[in-house]
Amino acid sequence: MKNIIFFIIPLFLVCLFGCSFSNAKDEYEQLISKSANLESEDLFSLVYNFELKNPNHFKSKIHLAQFYLLNKNYVSSLNYLDRAEKCFYQDKKNYSEEDFFQLYSLLAQVHYNLSNFEKAGECAEKISITKGFNNSTWGYFSATSFYLAGNEEKAYEIFFNNYKLIPELATPENLKLYLILLVNKNNIEEGKIILQKYFDLGGNWFLGLGKISFKIFQAKEYDSKLLLLLDYEFIKSYLEEETAMSYLISDFVNEISGLEIDLSNINSKEKFMEFIAQESNEIDNPNNNFYKTYWNVKYNLKFNSVQEKYLDELLKNESVFSNLPSYYWMIWETAKKLYSFDFQKEEITEITVFIPVLKKIIALNPNGLYANLARKELSRFLEINDDSNYCQRLDLIMF
């Protein structure tokens, strides 16, 4: 008799909780369907009260976590997700793959926003290695999170495997981090492939890419120097020229001193840049590329006459240089040489088409060297006097 009782009690409990789970699920689905047209605050109150009465209900916790995530209350969101995770593993067989995905995708996002990058990586990895979700971008998310956590070994492993599996889903930002890891691992051959892919996908220049490119193209002496000098241009666009030069000299003095030029001397630096620019191919060479175009045009602006093809080639490379004020200034300088403008007669010519270029320069770095130059050019068009307040007045008009 006792054996029968002990058998019946567990069976009763299973039925009880099974029915309870099913009833709560049905009740919640009805609640949500009936409340579809409610304002978000009213719907939140209904879900919040339902969850209080049903502490073992998974979906209500997920929805509350989503609400808090959207409102950037990451701590409250994590609180509900931790409780949802406990519900999930208490009765795993009652939950679907979609429930699993919702739980860990939200956990990954919340931990990421809380700068818990290691935990974010672990949650995203759970998704990326699960059948049905392994052909998704969550592997890249996981690798990025581990990289930000300082776990470069793990990040490299996931990037490497994920890129072999789904290279078509990699974004320029994914490839940027993968490229850094490849160079750190001295995987130069793969680095060359990823660098080209990065630019093919419209990735733009970032500080440090010159160093990376220098290592990748070390066999091609002048290619590597041309790329390295773009880091100098990047810093000069956002900081002072002296800072840019000190960056260049301190990190690469050994590599670029073979030309027997003292880079600490400003005149010698100019000669060095001229020499490098001259080494780049002619602009109509079919093997030319963005960095050779950049330096070739820069050289010709200073020492030779410019041609319309220079402007065309510069504009083709905007995706690479979209965050580089010096690039847009070079477009403006080229356009000025090609298209005249008589300020006295107020003639409208092709040069006016390039006014947005000046606005772009200011927007990229309002306090930079090129922004000040751009404002002076704009003030001539708008007939604003160059006094102490002209910058402020000009920005108000243009932006």
Side-chain angles (χ1 to χ4, degrees), residues 195-196 198-200 202-205 209-210 213 217 220 222-238 241 244 269-343 347-365 368-378 380-381:
L195 180 62
Q196 186 57 54
Y198 175 75
F199 289 125
D200 288 346
N204 55 29
W205 195 265
L209 188 52
S213 304
F217 291 103
K220 293 183 177 180
Y222 291 111
D223 282 46
S224 62
K225 287 180 173 64
L226 291 169
L227 285 157
L228 172 61
L229 282 165
L230 283 175
D231 267 357
Y232 163 83
E233 291 286 280
F234 191 96
I235 300 174
K236 187 180 171 184
S237 289
Y238 289 94
E241 187 169 10
K269 183 211 71 174
E270 289 297 332
K271 288 178 183 176
F272 174 72
M273 288 184 145
E274 291 164 25
F275 183 79
I276 292 296
Q278 284 174 302
E279 290 298 323
S280 63
N281 296 335
E282 287 301 315
I283 203 158
D284 52 3
N285 188 316
N287 296 319
N288 218 338
N289 50 42
F290 71 90
Y291 53 91
K292 288 182 178 178
T293 295
Y294 185 96
W295 289 110
N296 190 276
V297 174
K298 187 146 190 164
Y299 174 78
N300 279 286
L301 272 171
K302 271 192 169 184
F303 303 102
N304 299 310
S305 60
V306 296
Q307 301 173 43
E308 197 150 352
K309 64 181 179 181
Y310 292 178
L311 197 54
D312 293 339
E313 288 301 315
L314 278 175
L315 293 170
K316 283 179 188 176
N317 293 308
E318 186 176 8
S319 64
V320 177
F321 297 119
S322 61
N323 59 349
L324 195 61
S326 64
Y327 160 78
Y328 288 104
W329 181 250
M330 197 153 62
I331 289 175
W332 175 254
E333 289 280 271
T334 307
K336 266 208 313 183
K337 286 185 182 290
L338 289 170
Y339 312 119
S340 62
F341 182 84
D342 191 326
F343 290 98
E347 291 177 349
I348 302 299
T349 66
E350 292 93 332
I351 188 66
T352 56
V353 175
F354 293 89
I355 294 294
V357 170
L358 296 173
K359 293 174 65 179
K360 176 78 173 179
I361 292 168
I362 298 169
L364 282 171
N365 183 22
L369 163 69
Y370 293 106
N372 292 332
L373 293 171
R375 285 191 186 96
K376 286 181 180 178
E377 294 290 283
L378 282 169
R380 296 169 73 193
F381 277 94

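Bear in mind that the values here come from a model prediction, so they are computed numbers and not experimental data.
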**Prompt:** Is there a side chain to side chain contact (heavy atoms under 4.5 Å, CB included) between Glu377 and Trp329 once you walk through the steps?
**Reply:** CA-CA 11 Å; Glu377 294 290 283; Trp329 181 250; 3.8 Å; yes
Residue pair [X] / [Y], side-chain heavy-atom distance below 4.5 Å:
X      : Y      : result
Trp205 : Leu227 : yes
Phe234 : Ser326 : no
Asn204 : Tyr327 : no

I need the [X] [atom1] to [Y] [atom2] distance, nearest 0.5 Å.
X      : Y      : atom1 : atom2 : value
Trp295 : Glu233 : CH2   : CD    : 4.0 Å
Tyr238 : Leu364 : OH    : CG    : 4.5 Å
Ile362 : Leu358 : CD1   : CG    : 6.5 Å
Glu333 : Leu314 : CD    : CG    : 12.0 Å
Asn372 : Asn365 : CG    : CG    : 9.0 Å
Tyr291 : Leu209 : OH    : CG    : 11.0 Å

**Asked** Which heavy atom of Leu324 sits nearest a heavy atom of Ser237, and at what distance?
**Response** CD1-OG, 3.9 Å
**Asked** What are the two closest heavy atoms between Thr293 and Glu313, and how far apart are they?
**Response** CG2-CB, 3.7 Å
**Item:** Which residues share a ring-ring contact (aromatic ring centres under 6.0 Å, His included) with Phe199, sequence neighbours left out
**Value:** Phe290
**Message:** Is there a side chain to side chain contact (heavy atoms under 4.5 Å, CB included) between Phe321 and Leu230? Walk through the geometry before answering.
**Reply:** CA-CA 10 Å; Phe321 297 119; Leu230 283 175; 4.1 Å; yes
**Request:** Please name all residues satisfying side chain to side chain donor-acceptor pair (under 3.5 Å) with Asp200, sequence neighbours left out, ordered by chain then number.
**Result:** Gln196
**Message:** Using the rule given for side chain to side chain contact (heavy atoms under 4.5 Å, CB included), can you reason through Tyr370 versus Met330, listing the C-alpha separation, both sets of side-chain angles and the distance that settles it, and then say yes or no?
**Reply:** CA-CA 10 Å; Tyr370 293 106; Met330 197 153 62; over 6 Å; no
